[in-house]
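The next block holds one structure in the form of structure tokens; read it before the comments.
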Amino acid sequence: MAKATTKPQYWLFKSEPSAFSIDHLAASKDQTAPWDGVRNYQARNYLRDSVKVGDLVFFYHSREEPLGIFGTMRVVKAGYPDSTAFDPASKYFDPKSKPESPTWVMVDCQLVTKFAAPITRAALAEDETTADMLVLKRGIRLSIQPVTESQWKAAHRLAGVKS
DNA sequence: GCCAACGTTGGC
DNA sequence: GCCAACGTTGGC
């Protein structure tokens with residue numbers, strides 16, 4: 001395994017908390033879990049090509065109030081085949097994806113911090129820097145999004161947490 | 001729960 | 001290769 005030599009990149013991963021929340025991650029063994037079920041090609045390409053071990057990730061809850069960033073994770077395993085695509089019992093089953101030529105990719109993430117209070121969508125929208133985040137843009141459904149360093153730091157200021 | 005916006009599928 | 005129809009996402 002190559003050691004990460006470049007500085008970490010920043011990301012935001014979206015999840016519906018009823019499916020997988022930050023508390024699910026916190027309750028996982030070693031507070032680590034695969035980020036599976038991504039079924040969008042652009043998001044898949046990020047997971048496959050760009051998300052590296054050591055990268056830092058905001059955990060965003062979508063669909064259910066309160067909407068916002070609930071904490072941070074670190075990538076501990078880079079892209080590898082998403083096994084849920086091979087499992088007919090999984091809701092993420094995709095018969096087009098074969099083990100010998102996987103279509104879908106997942107990474108493993110470990111919880112770093114669960115914020116005392118989430119950084120709400122409303123708070124992100126009010127800050128000059130975080131207002132530009134992709135997650136706030138109308139119609140952007142991408143579940144794996146790049147975040148800039150300045151957005152990462154500004155969001156932490158909103159959370160009252162050191163980045 | 002609604003529905004606009006989006007991504008994918010499939011007929012042609 | 002176009003594009004209408006469809007299913008899904010996700011804020012509201």
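Because only heavy atoms are used, hydrogens play no part in the values below, and waters and symmetry mates are left out as well, while side chains stay in. What you see is a predicted model, and the numbers here were worked out from it, not measured in a lab. To find a chain, count down the sequence lines: A is the first, B the second, and so on, and within it residues start at 1.
Straight-line distance from the CG atom of A/Leu12 to the P atom of C/dT9: 17 Å, rounded to whole Å. Distance A/Ile140 CD1 to B/dC6 P: 8 Å, rounded to the nearest Å. Taking atom CG on A/Leu134 and atom P on C/dG10, their separation rounds to 13 Å, with Å as the unit. The distance from atom CG of A/Leu136 to atom P of C/dT9 is 20 Å, rounded to the nearest whole Å. The interatomic distance linking A/Trp104 (CH2) with B/dG7 (P) rounds to 13 Å, in whole Å. In this structure, A/Arg63 places its CZ atom 12 Å from P of B/dC2, rounding to the nearest Å. Here B/dC6 presents its P atom at 19 Å from CD1 of A/Ile144, a figure rounded to the nearest Å. Rounded to whole Å, atom C1' of B/dG7 lies 11 Å from atom OH of A/Tyr41.
The side chain of A/Lys14 contributes no N or O atom lying less than 4.0 Å from OP1 or OP2 of C/dT9. For C/dG11, the OP1/OP2 oxygens have a side-chain nitrogen or oxygen of A/Tyr60 closer than 4.0 Å.
Among residues at least two apart or in separate chains, ring-ring contact (aromatic ring centres under 6.0 Å, His included) pairs with a member in residues 108-151 of chain A are A/Phe115-A/His156.
In this structure, the ring pair (Phe, Tyr, Trp, His ring centres under 6.0 Å) partners of A/Tyr41, at least two apart in sequence or on a different chain, are A/Trp104.
By the neighbour-count criterion of 12 heavy atoms within 6.0 Å, atom NZ of A/Lys153 is sparsely surrounded, having that number or fewer from other residues, nucleotides or ligands. Residue A/Arg39 qualifies as enclosed at atom CZ: its count of foreign heavy atoms under 6.0 Å is above 12.
Contact detail for A/Phe59 and A/Ile22: the closest heavy-atom pair is CZ-N, 3.4 Å.
A/Lys137 comes within 4.0 angstrom of nothing in the nucleic acid, heavy atoms only.
Side-chain to base pairing of A/Arg141 with C/dT8: one donor and one acceptor N or O lie within less than 3.5 Å of each other.
For A/Lys96 and A/Arg138, each mapped to the nucleotide of DNA chain B holding its nearest heavy atom, the one lying further toward the 5' end belongs to A/Arg138.
For A/Ser62, counting side-chain heavy atoms from C-beta on, the closest listed nucleotide (C/dG10, B/dA5, B/dG7) is C/dG10.
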